[in-house]
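To keep things clear, I will list the structure first and then write my remarks on it.
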There are 2 protein chains.
Amino acid sequence: MIKTFNSSDIDQLEKIYRINLINAITGFKSVNLIGTKSADSKPNVAVFSSVIHMGSNPPLLGFVMRPLPHKRDTYPNLKSTGHYTINHVTTDIYQQAHQTSAKYEKGISEFEECGLTEEYLNGFDAPFVKECSIKIGLSYVEEYAIKANNTILVIGKVEHLIVPENIIEDSGHLNIHEANSLTLSGLDTYFKTEKLGRMAYAAKPKTS
Amino acid sequence: MIKTFNSSDIDQLEKIYRINLINAITGFKSVNLIGTKSADSKPNVAVFSSVIHMGSNPPLLGFVMRPLPHKRDTYPNLKSTGHYTINHVTTDIYQQAHQTSAKYEKGISEFEECGLTEEYLNGFDAPFVKECSIKIGLSYVEEYAIKANNTILVIGKVEHLIVPENIIEDSGHLNIHEANSLTLSGLDTYFKTEKLGRMAYAAKPKTS
């Protein structure tokens, strides 16, 4: 049986039901920890499921923040220092990662509260997450205030990319599943992955 | 062993290597077919890995388009009709879905060329993909021209959501893995998923 929701059905859904449903309809999401440090050097880390690829030349990533002041420290920190890190959530730490979404007070270190370890690499001032195997250091580039719902799209440039050497193929392909990177459905359901296949570059069939 | 790329290392990578590498670093992606129809009723469908959740109230989804005129038909079509569909790529059709990324001429129907079936539901004028089990009809809301790399973020509102009834939980959670929805790494590597766990809402621990 097929269930259809139209726009007015969705408007009338109970709030938590709607949040669960609509958060799942885009498909599987990336799941990353974003690490920052305040101007007075207090570290912060928070889980995000909205990190996306914006382009590879220059190497730009985006992520969407809920309306302020929801993730209380990430935004002011990255604005004041200009730097942040994105770290893949893995099998070993997804429970700790999820716990960072709790509403801790401003200035509290979720690293400490959630059992994750800050790590400083290559002279970069924002904290990486030591437990993660794929780590990216970014500089803030620009942001867009989304009128439709007061969210913010933040765009950053990759300054440092730190990955296990054995998951990089000669082609540049990165076997993130071998680094135990996970994917998320909705807000709370974590998945491992199993490779189905790699497709060749799709060429246009010769005209018959 | 750990491999580190800094910003200047990335700039110097061979083009295809850089595309493969940078496309994989955000983590797993959603993989969807976007269906549109031109003002003169020619259908179009193209695979996108950039569909993201923007918010659940109102229900808004975003996707990023490469600089124009790359996906030649999707953008002019959705601008002229105001409507488009987003359909989850599944195990059964990922090869056909990938083939839609080939550079077909303007006005050619990738439905026909790639072995996918257009379907019209609920009086909505943009084509759904019959083979997909999760289908979303959207109306165009707004767009943002991204200065950093000339991409476009398109935002739409969910007007119709069509899902198998048996994957909806009483909580509104949607078991998209049971509908065989896939996830993508990079540009070309497709993955099935295996559920690891659902986490409870993260509460702040009681002050000790």
Side-chain angles (χ1 to χ4, degrees), chain A residues 1 3-7 10 17-24 26-28 30 50-53 55-56 59-61 88 98-99 101-103 136 141-142 144 148-149 155 159-163 165 171-174 176 181 183 185 188-199 202-204, chain B residues 1 3-7 10 17-28 30 50-53 55-56 59-61 88 98-99 101-103 141-142 144 148-149 155 159-163 165 171-174 176 181 183 185 188-199 202-204:
Chain A
M1 293 292 291
K3 171 83 176 166
T4 299
F5 300 88
N6 65 25
S7 171
I10 295 171
Y17 187 103
R18 183 177 57 232
I19 287 174
N20 284 331
L21 182 69
I22 300 301
N23 265 280
T26 51
F28 288 102
S30 62
S50 61
V51 173
I52 51 166
H53 176 81
S56 58
L60 298 173
L61 311 185
H88 284 209
H98 191 77
Q99 183 59 35
S101 61
K103 292 186 173 64
I136 312 163
V141 173
E142 55 171 345
Y144 293 86
N149 67 352
I155 295 174
E159 301 291 351
H160 300 277
L161 170 62
I162 298 157
V163 296
E165 197 156 23
S171 55
H173 281 91
L174 206 60
I176 62 173
S181 297
T183 182
S185 171
D188 55 10
T189 315
Y190 293 76
F191 289 82
K192 293 191 290 188
T193 63
E194 187 191 332
K195 190 166 161 181
L196 202 58
R198 177 171 294 160
M199 297 295 293
K204 194 178 82 171
Chain B
M1 293 291 290
K3 170 83 178 168
T4 299
F5 300 88
N6 65 25
S7 172
I10 294 171
Y17 188 103
R18 182 176 58 232
I19 288 174
N20 285 331
L21 182 70
I22 301 301
N23 264 280
I25 65 176
T26 50
F28 289 102
S30 62
S50 61
V51 173
I52 51 166
H53 176 81
S56 60
L60 298 174
L61 311 185
H88 284 209
H98 191 77
Q99 183 59 35
S101 62
K103 291 186 175 65
V141 174
E142 55 172 344
Y144 294 85
N149 68 351
I155 295 174
E159 301 291 351
H160 300 277
L161 170 62
I162 298 157
V163 296
E165 198 157 23
S171 55
H173 281 92
L174 205 60
I176 63 173
S181 297
T183 182
S185 171
D188 55 11
T189 314
Y190 292 76
F191 289 80
K192 293 192 289 189
T193 63
E194 187 190 334
K195 191 167 162 180
L196 201 59
R198 176 172 295 159
M199 297 294 293
K204 194 179 80 169

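Every chain is numbered from 1 and lettered A, B, ... according to where its sequence line falls, protein lines coming before strand lines. Please read all numbers here as calculations on a predicted model, not as lab measurements.
Counting only heavy atoms from C-beta outward, the side chains of A:Thr26 and B:Val51 approach each other to under 4.5 Å. Counting only heavy atoms from C-beta outward, the side chains of A:Leu21 and B:Leu161 approach each other to under 4.5 Å. Here the side chains of A:Phe28 and B:Phe28 are not in contact, with every heavy-atom distance at 4.5 Å or above.
Of the two parts of B:Ile155, only the side chain, counted from C-beta on, holds a non-hydrogen atom closer than 4.5 Å to a non-hydrogen atom of chain A. Both the backbone and the side chain of B:Ile19 come within contact range of chain A, each with at least one heavy atom under 4.5 Å from a heavy atom of that chain. If you measure heavy-atom distances from B:His160 to chain A, the contacts under 4.5 Å come from both the backbone and the side chain. Within the 4.5 angstrom heavy-atom criterion, only side-chain atoms of B:Val141, from C-beta onward, approach chain A. Heavy atoms closer than 4.5 Å to chain B are found in both the backbone and the side chain of A:His98. Interface residue B:Tyr190: backbone and side-chain heavy atoms are both found under 4.5 Å from chain A. Both the backbone and the side chain of B:Ile25 come within contact range of chain A, judged by heavy atoms closer than 4.5 Å. The contact between A:Ile10 and chain B is made entirely by side chain atoms (from C-beta outward), counting heavy-atom distances below 4.5 Å.
B:Gln99 contributes a side-chain N or O that, together with a main-chain N or O of A:Ala203, makes up a donor-acceptor pair within less than 3.5 Å. Listed for the B:Glu142 side chain is a donor-acceptor partner under 3.5 Å among the backbone atoms of A:Ala148.
Counting heavy-atom pairs closer than 4.5 Å to chain B, the top-ranked of the candidates A:Ile176, A:Ile136, A:Ile52 is A:Ile176. Note on A:Thr183, A:Ile162, A:Asn6, A:Val163: by heavy-atom pairs under 4.5 Å with chain B, the leading option is A:Val163. With respect to chain A, the highest number of heavy-atom pairs below 4.5 Å among B:Leu61, B:Leu196, B:Thr4 belongs to B:Leu196.
When each of A:Arg198, A:Lys195, A:His173 is paired with B:Thr189, the side-chain hydrogen bond (donor to acceptor under 3.5 Å, both in side chains) condition holds for A:Arg198 and for no other.
Expressed to the nearest 0.5 Å, how far OG1 of B:Thr193 lies from NZ of A:Lys192 amounts to 11.0 Å.
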